[in-house]
Amino acid sequence: MIVIDVLGTPAPKGSNRAILRGGFAVMVPGSSDTGKLKIKSWEASVRVAAQDIARMFVQTPIAVAIVFRLARPGGHWSKNGGLRPSAPLRPSVKPDVDKLARATLDAMTGVVFDDDSRIVELALHKTYAEPGKEGARIVVKEWSAA
C-alpha cells in the first residue's frame with residue numbers, strides 16, 4: 001500500500017466533446033484555456049508527489065481511495081475569522097468529484113500504475129480543507145477479494 005499526500009488546488013478534467021469540422025468529427029477538449037492551466041498545475045503537483053513512491057503497480061488489479069481537500073469559499077467565514085454556523089460540512093458543489101478523479105488518475109498513470117484500467121475499486125470523497133492544506137490524500141493498494 002502507498003499513501004500520497006498532494007498539496008495544491010485540485011482541478012477537474014472536463015469531458016472531451018466532438019464537433020463537426022469540414023464534415024469530419026474532431027475531438028475538442030472540454031476545458032477553457034484557464035482550466036487547462038489549472039489542470040496542468042494540478043497534474044504536475046500529483047506527479048511530483050508520486051515520484052517519491054518507490055513502487056509502481058504493473059499488470060495487477062488495484063484499489064484507489066482519494067480524499068480531495070478543497071478551499072472553502074470566503075462566504076463560509078465570519079468577519080472575526082471563524083467558520084459561520086451555516087457553513088456546510090462537505091462541498092456539494094462544483095467541481096464534480098468524478099472529474100477531479102479523472103485529472104488525478106491521469107497524472108498518476110505511468111508513475112504509480114501502468115494503466116488506469118487496472119483500477120477495479122475506486123473510493124472518492126470531497127471535503128473542505130483547513131486553510132493552506134488544500135490538495136488530496138491518495139491511497140493505492142493491490143486489490144484483494146477478501
Side-chain angles (χ1 to χ4, degrees), residues 1-21 24-77 82-146:
M1 176 174 73
I2 60 170
V3 178
I4 304 166
D5 276 309
V6 184
L7 288 178
T9 303
K13 190 169 196 175
S15 303
N16 291 337
R17 56 191 171 91
I19 62 169
L20 285 177
R21 195 174 281 161
F24 294 95
V26 177
M27 295 301 290
V28 177
S31 300
S32 66
D33 288 342
T34 304
K36 289 176 193 172
L37 291 175
K38 290 178 181 179
I39 292 166
K40 282 186 179 192
S41 175
W42 174 245
E43 288 180 339
S45 296
V46 171
R47 279 192 292 278
V48 166
Q51 285 175 347
D52 292 337
I53 304 303
R55 176 171 186 197
M56 184 165 157
F57 296 89
V58 178
Q59 295 187 352
T60 185
I62 56 175
V64 178
I66 308 173
V67 177
F68 293 102
R69 301 181 307 264
L70 306 177
R72 282 191 177 272
H76 287 196
W77 303 99
L83 199 56
R84 292 179 186 256
S86 61
L89 295 175
R90 295 281 182 146
S92 58
V93 295
K94 290 185 182 273
D96 298 355
V97 72
D98 60 322
K99 292 181 180 176
L100 290 170
R102 183 178 299 143
T104 304
L105 295 173
D106 285 352
M108 292 176 13
T109 301
V111 179
V112 177
F113 40 78
D114 60 336
D115 194 305
D116 59 2
S117 66
R118 308 286 183 227
I119 301 168
V120 298
E121 185 177 310
L122 180 61
L124 304 171
H125 300 276
K126 290 191 304 185
T127 189
Y128 284 118
E130 295 294 321
K133 303 282 186 182
E134 296 83 4
R137 171 164 278 202
I138 306 163
V139 177
V140 183
K141 63 182 181 178
E142 279 190 42
W143 181 83
S144 70

*Asks:* Between NZ of K126 and CG of L70, what distance do you get to the nearest 0.5 Å?
*Replies:* 6.5 Å
*Asks:* For L89, does the CG atom sit with more than 12 other heavy atoms under 6.0 Å from it, leaving out its own atoms?
*Replies:* no
*Asks:* Can you pull the ring pair (Phe, Tyr, Trp, His ring centres under 6.0 Å) pairs that have at least one residue in residues 88-109, sequence neighbours excluded?
*Replies:* none
*Asks:* Looking at every heavy atom in both Q51 and V111, which two are closest together, and how far apart are they?
*Replies:* N-CG1, 4.2 Å
*Asks:* At their closest point, which heavy atom of F113 faces which heavy atom of I119, and how far apart are they?
*Replies:* CZ-CD1, 4.1 Å
*Asks:* I'd like to check the side chain to side chain contact (heavy atoms under 4.5 Å, CB included) partners of V67; sequence neighbours left out, ordered by chain and number.
*Replies:* H125, T127
*Asks:* Suppose we screen for side chain to side chain contact (heavy atoms under 4.5 Å, CB included). Which residues come up paired with E134, at least two apart in sequence or across chains?
*Replies:* A71, A129
*Asks:* Going from CE on M56 to CE on M108, what distance comes out if it is rounded to the nearest 0.5 angstrom?
*Replies:* 11.0 Å
*Asks:* Can you tell me how far the OG1 atom of T104 sits from the NZ atom of K99, to the nearest 0.5 Å?
*Replies:* 14.0 Å
*Asks:* Out of curiosity, K36 NZ to E43 CD, how far, rounded to the nearest 0.5 Å?
*Replies:* 12.5 Å
*Asks:* Tell me the closest heavy-atom pair linking P73 and Y128, and the distance in Å.
*Replies:* CD-CE2, 4.0 Å
*Asks:* Mind checking what makes side chain to side chain donor-acceptor pair (under 3.5 Å) contact with H76, not counting sequence neighbours?
*Replies:* R72
*Asks:* Which heavy-atom pair separates G132 from L7 by the least distance, and what is that distance?
*Replies:* O-CD2, 4.4 Å
*Asks:* Taking the side chain from S41 and the backbone from L37, do they hold a donor-acceptor pair closer than 3.5 Å?
*Replies:* no
*Asks:* Kindly write out the residues that satisfy side chain to side chain donor-acceptor pair (under 3.5 Å) with W77, not counting sequence neighbours, or none if the list is empty.
*Replies:* none
*Asks:* Would you mind listing every side-chain hydrogen bond (donor to acceptor under 3.5 Å, both in side chains) that reaches into residues 135-146, with sequence neighbours excluded?
*Replies:* D5-R137, R55-E142, E121-W143
*Asks:* Going by salt bridge (charged side-chain N to carboxylate O under 4.0 Å, His left out), name the pairs with one or both residues in residues 104-118, residues two or more places apart or in two chains.
*Replies:* K13-D106, D114-R118
*Asks:* Identify the two heavy atoms, one from A101 and one from F68, that lie closest to each other, and give their separation to 0.1 Å.
*Replies:* N-CZ, 3.7 Å
*Asks:* Which heavy atom in L100 sits nearest to a heavy atom in P12, and how many Å separate them?
*Replies:* CD2-N, 3.7 Å
*Asks:* For I2, enumerate each residue passing the side chain to side chain contact (heavy atoms under 4.5 Å, CB included) test, keeping only those at least two apart in sequence or located in another chain.
*Replies:* I4, I53, F57, V112, V140
